[in-house]
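The shown structure was predicted, so the numbers you read here are calculated from the model rather than taken from an experiment.
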Amino acid sequence: MKELKLAFRLLQMNRWRILLAVIMGSFTLLAALGLAGLSAWLIARTWQKPLVASITLAVTAVRGLGVSRGAFRYFDRLASHNVALGGLVNARENIYNYLADGDPSVVLKMRKGDFLARLGSDVDDVGDLIVRAIIPAFVAVVLDVVAVVWMAILSPWAGVIMAVALLIAGVLVPWLSARAAVAAEESKSEADHDLYSDAVTIVDHAPELAVGGRLEGVLESAEEAGERSLQEEDKSAIPNAVASAIGPVATGVTVLACLLIGIVLYAQNGMGVTVTETTMMQPTTLLVMALLPLSAFEASDQLPAAAVQYVRSRASLRRIRELLTPSREKSGTPVPTYASPGVPAITAENLTCGWHGKPIIKPIDFAVEPGERLIVVGPSGIGKTTLLSTLAGLIPPTGGVATINGVETSEAQEESLRRAVAAFPEDAHIFDTTVLENLHVIKPDLDEAGATEVLQKVGLGEWLDNLDRGVNTKLVGGADAVSGGERRRLLLARAVIAARPVTLLDEPTEHLDAADMKVMLNRILEPGDLFDPNQAVVVVTHVVPENLPAGVRVVELEPTEDRRLMLL
């Protein structure tokens, strides 16, 4: 029930639209059921060579049911797709709102591929829960009740047999399918997520992995994950095959049983046996009893797939729930936008950072006053980005204390912390929209003149002059529309217009040539050039250039022993 409540909360589906989809689906199968029964009656009645006028209404009804079945199927597809697509839009919007307001460390701890899988295939499975599991179940109930009542009117014993067979096909078979799916779903999902993660890692970092000699290892890991996924899927194949076979067998047994009952009753009627039930056992009734079960089981045949979809959606909801942390904005200690006199803008006291409670760097200590510049240096992979995330309050420290304007980041109120500090990661997203809109993500009221000024300030003036529409030029493909150096400068422009009292920059000069790198880094570190003299700026970089501006301090990170062995 928890999963269903979460699904309805995320999907925010209109109950009347769901009811409409159930009604249209029910009408579709009821039209098929009526078509089967009436067609059987018409075939048998025609065999008796009646007057044409006596069967005209039945002929017209058969035609009407045939047309209405297709029409209702079309309306069913419209209603169900409307429910599904609208629900997916709501689900993704609600999840993004949760992510924006919740604990960012939950996302930062995940591998990129795993996170994308939860926002992609897992959300799709949640959307399919209503359309492919809940709605088919309700439609099956409606059709089965009508079919059993109809058959019971023709013959109570045949109605009982059909009811039992429908219970087997509609309850036992889905239960067996769900049981087989549960056994394999968790393991298969874990393997699929590992495969997604490895695939994204290869796509994003194939050159670096090749240079580091680790590409083959990641490829082998992806191949192994794919094999595990197939193996887990194969494990559920046999139980699913057995479950799938029970449905057709139940249908066939029901047809034969109803036909046998009808034959016996028809024979008794022909021998003059006086039984109330046999008084209506005519050839037309006999044929209806034989063909009715074929359409009656049409809805039940969809229930095994619905049960498997329910299991898959429930597992996806459990994984999505891990992303949905409560908002931290209304709790915690408010962070002053600016540090009080005598209070450092940033402090690190015996600070260590890492993931899942395991530090990856040795303890560090420093204090950055308002207006000061600090460089954090260390080799790739040592934990520089993790340190910035810890200072920004995105992930909790694994040891020691980090403060912003005198307030510990782990206890800070998130909304006020955002006003005081801004972190700009090296892989920040460039959106497939205009240059101006890519700056509006930081400052929505920035006008064209202000955007042009800041882009010129970070060295993109000539690039901007060569664009057809200046700041209104669309960057088709996002980051693919700019070079690595242009992307770094564009991200630096975002940091400049953010104008936060505490600014954390991750590799802002990467992909620039040596001369431009030195010039740009000096401009970042020079108070009053790119950043206000009162802003505290921390810059992460691989290499510290010579002749730094006066007052700039350098902190070199040292890995823990476990991390050092991983970097070797």
Side-chain angles (χ1 to χ4, degrees), residues 26 28-48 58 61-62 65-66 69 136-137 139-177 180 238-307:
S26 300
T28 301
L29 296 184
L30 288 175
L33 184 68
L35 183 62
L38 190 56
S39 297
W41 182 90
L42 185 60
I43 292 171
R45 188 74 180 95
T46 305
W47 166 74
Q48 295 175 332
V62 167
L65 288 172
R69 180 185 181 185
V139 171
V141 170
V142 173
L143 182 68
D144 291 351
V145 169
V146 173
V148 170
V149 170
W150 190 352
M151 184 63 77
I153 293 174
L154 301 180
S155 169
W157 282 111
V160 171
I161 291 174
M162 177 176 279
V164 172
L166 286 173
L167 283 175
I168 293 174
V171 177
L172 177 61
V173 175
W175 178 78
L176 291 174
S177 297
I238 294 177
N240 275 330
V242 173
S244 299
I246 294 177
V249 170
T251 303
V253 170
T254 304
V255 171
L256 292 175
C258 291
L259 183 59
L260 182 60
I261 291 174
I263 291 173
V264 171
L265 294 177
Y266 182 70
Q268 290 178 346
N269 192 39
M271 291 185 294
V273 178
T274 305
V275 180
T276 303
E277 184 182 19
T278 62
T279 58
M280 60 180 176
M281 188 52 56
Q282 301 298 322
T284 52
T285 306
L286 176 61
L287 194 55
V288 171
M289 288 179 61
L291 296 184
L292 196 62
L294 295 177
S295 293
F297 281 84
E298 186 174 348
S300 298
D301 291 342
Q302 301 175 14
L303 294 183

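Atom CH2 of residue Trp150 and atom CG of residue Leu154 lie 7.5 Å apart, to the nearest 0.5 angstrom. From Phe297, atom CZ reaches atom CG of Leu33 across 11.5 Å, with rounding to the nearest 0.5 Å.
Annotation for Gln302 and Pro136: closest pair OE1-CB, 4.2 Å, computed over non-hydrogen atoms. Nearest approach of Ala147 to Met162, heavy atoms of both residues: O-SD, 3.7 Å. Residues Val62 and Ser39 approach most closely at CG1-OG, 4.0 Å, considering heavy atoms. Taking both residues in full, the closest heavy atoms of Pro174 and Leu303 are given as CG-CB, 3.6 Å, listed atom of the first, atom of the second, then distance. Between Val173 and Pro304, the shortest heavy-atom contact is CG1-CG, 3.4 Å.
Scored by the side-chain contact (heavy atoms from CB on, under 4.5 Å) test, Ala61 finds Leu38 as partners (sequence neighbours excluded). With sequence neighbours left out, Thr28 forms a side chain to side chain donor-acceptor pair (under 3.5 Å) with no residue at all. The side-chain contact (heavy atoms from CB on, under 4.5 Å) check on Leu29 picks up Arg73, Val139, Leu143, Glu298, Ala299, with sequence neighbours excluded. Under the side-chain contact (heavy atoms from CB on, under 4.5 Å) criterion, Val171 pairs with Leu167, sequence neighbours left out. Partners of Val149 according to the side-chain contact (heavy atoms from CB on, under 4.5 Å) rule, which considers only residues two or more places apart in sequence or in another chain, are Val145, Ile153.
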**OP:** For side chain to side chain contact (heavy atoms under 4.5 Å, CB included), just list the numbers for Asp144 and Ser300, CA-CA rounded to whole Å, side-chain angles, deciding distance to a tenth of an Å, and then say yes or no.
**Re:** CA-CA 8 Å; Asp144 291 351; Ser300 298; 3.4 Å; yes
Return a table of donor-acceptor pairs under 3.5 angstrom between the side chains of residues 251-261 and protein atoms on other chains or two or more places apart.
| unit_1 | atom_1 | unit_2 | atom_2 | d |
| --- | --- | --- | --- | --- |
| Thr251 | OG1 | Gly247 | O | 3.0 |
| Thr254 | OG1 | Ala250 | O | 2.7 |

